[in-house]
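Have a look at the structure below before the remarks.
The structure presented is a predicted model; accordingly, all values stated were derived computationally and were not measured. Letters A, B, ... are given to chains in the order of the sequence lines, protein chains preceding strands, and every chain is numbered from 1.
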Protein chains: 2
Amino acid sequence: MGQNRATGQAGRGTVVRGIRQALAAGDMAPGQRLVEQELADTFHATRSSVREALQELAADGLVELIPRRGARVRVISVEDAVLITECRAVLEGLCARRAAERATEKDRTVLRDIGTAMEDAVDRGELETYSALNRRLHELVARVSGQTVAESLLDRLNGQMVRYQFRLALRPGRPTQSLPQHRAIIDAILAGDPAAAERAARAHLDSVIEQLRATPGPSPHLT
Amino acid sequence: MGQNRATGQAGRGTVVRGIRQALAAGDMAPGQRLVEQELADTFHATRSSVREALQELAADGLVELIPRRGARVRVISVEDAVLITECRAVLEGLCARRAAERATEKDRTVLRDIGTAMEDAVDRGELETYSALNRRLHELVARVSGQTVAESLLDRLNGQMVRYQFRLALRPGRPTQSLPQHRAIIDAILAGDPAAAERAARAHLDSVIEQLRATPGPSPHLT
DNA sequence: GTCGATGAAATTGTTGACAATATCTCCGAT
DNA sequence: ATCGGAGATATTGTCAACAATTTCATCGAC
C-alpha cells in the first residue's frame with residue numbers, strides 16, 4: 001500500500017467510503033467545503049473519481065453540490081433531523097409490522113439473543129456495545145421484514161443522521177430509557193403481533209424525536 | 001431550436017428531462033438498453049452530459065447501471081411496485097396526519113376545490129382530468145404537511161411507479177372506487193382529524209396495492 | 001448441427017489539458 | 001477606515017482522444 005493512486009471505479013469507491021467514514025468520525029465538519037483536488041490528494045484518487053463520488057454522496061444527501069461553487073458537507077439542522085426521524089418512525093413501523101408477520105424460527109432466535117445481549121450491555125454500562133446492538137437490531141428488523149424498498153430508504157436516512165445518532169447514544173440515562181422500548185419491539189415481533197410491533201417501533205422513534213428536540217443546535221459553524 | 005448541442009449542465013438537464021419524459025410516455029421499454037452515444041445524438045448533448053444524467057437517473061432508481069455493460073431502463077416487477085406502494089402508504093399516512101394538523105384556511109379552500117373538481121371529473125367521465133387532480137391532491141397533501149423529507153422520498157418513489165400509475169388509472173371502474181377514498185382523506189384533513197387522515201391515506205393506498213396485485217406482470221419483455 | 005475459439009466492432013471507462021467561473025488580494029478613492 | 005473594483009489565483013466544468021472491456025460475427029473442429 002503505497003503511492004499508487006486508486007484509479008477509476010475503485011477510486012470512486014475509495015473516496016465514497018473515505019468521506020463516509022470521515023463524516024461518521026466527525027473529521028469533517030458540517031458546512032465544510034470539499035475541494036476536489038484536495039480530496040483527490042488525500043485519498044490518492046483522480047479528480048474524476050472524486051467528482052463521481054461527490055455526486056453519489058449528494059444523491060444520498062450527505063453532501064450539498066452547488067454548481068460552479070463546489071461541494072459542502074451538508075448541514076442537518078435539528079428540524080431536519082426531526083423530519084428525517086418522523087419518516088424513519090413510519091418506515092420502521094412498517095418494517096416491524098411485517099417482521100412480526102414473517103419472522104422465522106431462526107430470526108426469532110437471533111432477535112432473542114440481541115435482546116438479552118442488550119440487557120447485559122446496559123447492565124454492565126457498555127455503551128459502545130449497546131450502541132452496536134442497537135444498529136444491529138434495526139437492521140435485522142428491516143431485513144426480516146422483506147421490505148427491501150423501505151430498507152434502502154432507511155439506509156439513506158440513517159446515513160444523514162450519523163452525527164446526531166452518536167450524540168444521542170452518549171446522553172446519560174438514554175439507554176435506560178430506550179432499552180424497554182427495544183424490548184417492546186422485540187417482544188411484539190416474537191409474539192407475532194404486527195399491530196403491537198408497529199406501535200412499539202413508532203413509540204421508540206417518537207421518543208428519539210423528543211430527545212432530538214431537547215438537543216442544542218449543532219455546534220454553530222466553525223467555518 | 002436547431003442543431004446546437006446542449007452542452008454541459010444544460011445538456012445534462014436536457015437528457016435527464018428527456019429520458020424522464022420518454023419513460024413516462026412509455027417510449028422506452030423497461031429493460032431497454034441505453035447506449036450513451038445514441039442518447040447523446042437524440043438529445044443533442046455530449047457523451048459526458050449523458051453519462052452524468054444516467055448516474056442521476058440511477059440514483060433515482062429509474063435506470064440500472066451495470067459497470068462496463070452500460071445502462072438499462074430499470075424493470076419494476078409487480079412485487080417491487082407493491083413494496084414501493086407499501087412505503088408510500090405509511091409516508092403519505094404521515095403527510096396526511098400532519099396536513100390535518102397544519103392546513104391553513106387557504107389550504108383548506110384549495111383542498112375543497114380539488115374535491116369538488118374530482119367529483120365533477122368522475123361524473124363527466126373525464127379520466128384524464130381526474131388523474132391530473134389525483135396527482136395534485138397527493139402533492140398538495142405532501143406540501144401542506146411540511147414534511148419535506150417525506151415529500152422528497154415520495155417524489156422518488158412515484159417516479160419509479162409511472163408505468164403502473166397510468167396503467168391503474170385506466171382500469172374501468174377504478175375512479176368509482178378511489179373517489180370516495182380521496183373524499184375521506186380530504187374530509188379528514190378539513191375536519192382537522194389527524195388520526196382519521198392517516199387512516200384514510202393508508203386505506204387508499206392499501207386499495208392501490210390490491211389493484212396492483214391483480215395486475216398481470218408488465219408485458220413480457222419485447223427486448 | 002453445436003460448441004468453442006478467434007478476431008472485429010461496438011461500447012464503456014479514463015485521462016489530462018483546456019475553458020469558464022468564482023474567490024481572494026491588493027490597492028485606490030471617498 | 002470602508003467600500004469598490006481590477007487583477008491574480010484557485011476551483012470547477014468541459015471536451016476529445018485514447019485505453020480497456022464487452023459483445024457480436026465468423027469460422028473451424030468434433
Check this for me: E101(B), atom CD, are more than 12 non-hydrogen atoms of other residues, nucleotides or ligands nearer than 6.0 Å?
yes
Between A150(B) and L91(B), the two heavy atoms sitting closest are CB-CD2, 4.3 Å
### Task
Would you indicate whether Q21(A), at its atom CD, is surrounded by more than 12 heavy atoms from other residues, nucleotides or ligands within a distance under 6.0 Å?
no
Residue pairs passing the ring pair (Phe, Tyr, Trp, His ring centres under 6.0 Å) test with at least one member in residues 133-160 of chain B, sequence neighbours excluded, are H138(B)-H182(B), H138(B)-H204(B)
With sugar-phosphate taken as primed atoms, P, OP1 and OP2 and all else as base, the protein-contact string of nucleotides 6-17 of chain C at under 4.0 Å (heavy atoms; B, S, -) is -----SBBBB--
Notebook entry, point to check: Do the charged groups of E151(B) and R143(B) touch, with an N to O distance under 4.0 Å?
Noted result: no
Rounded to whole Å, the CZ-C1' distance (R72(B) to dT23(D)) equals 12 Å
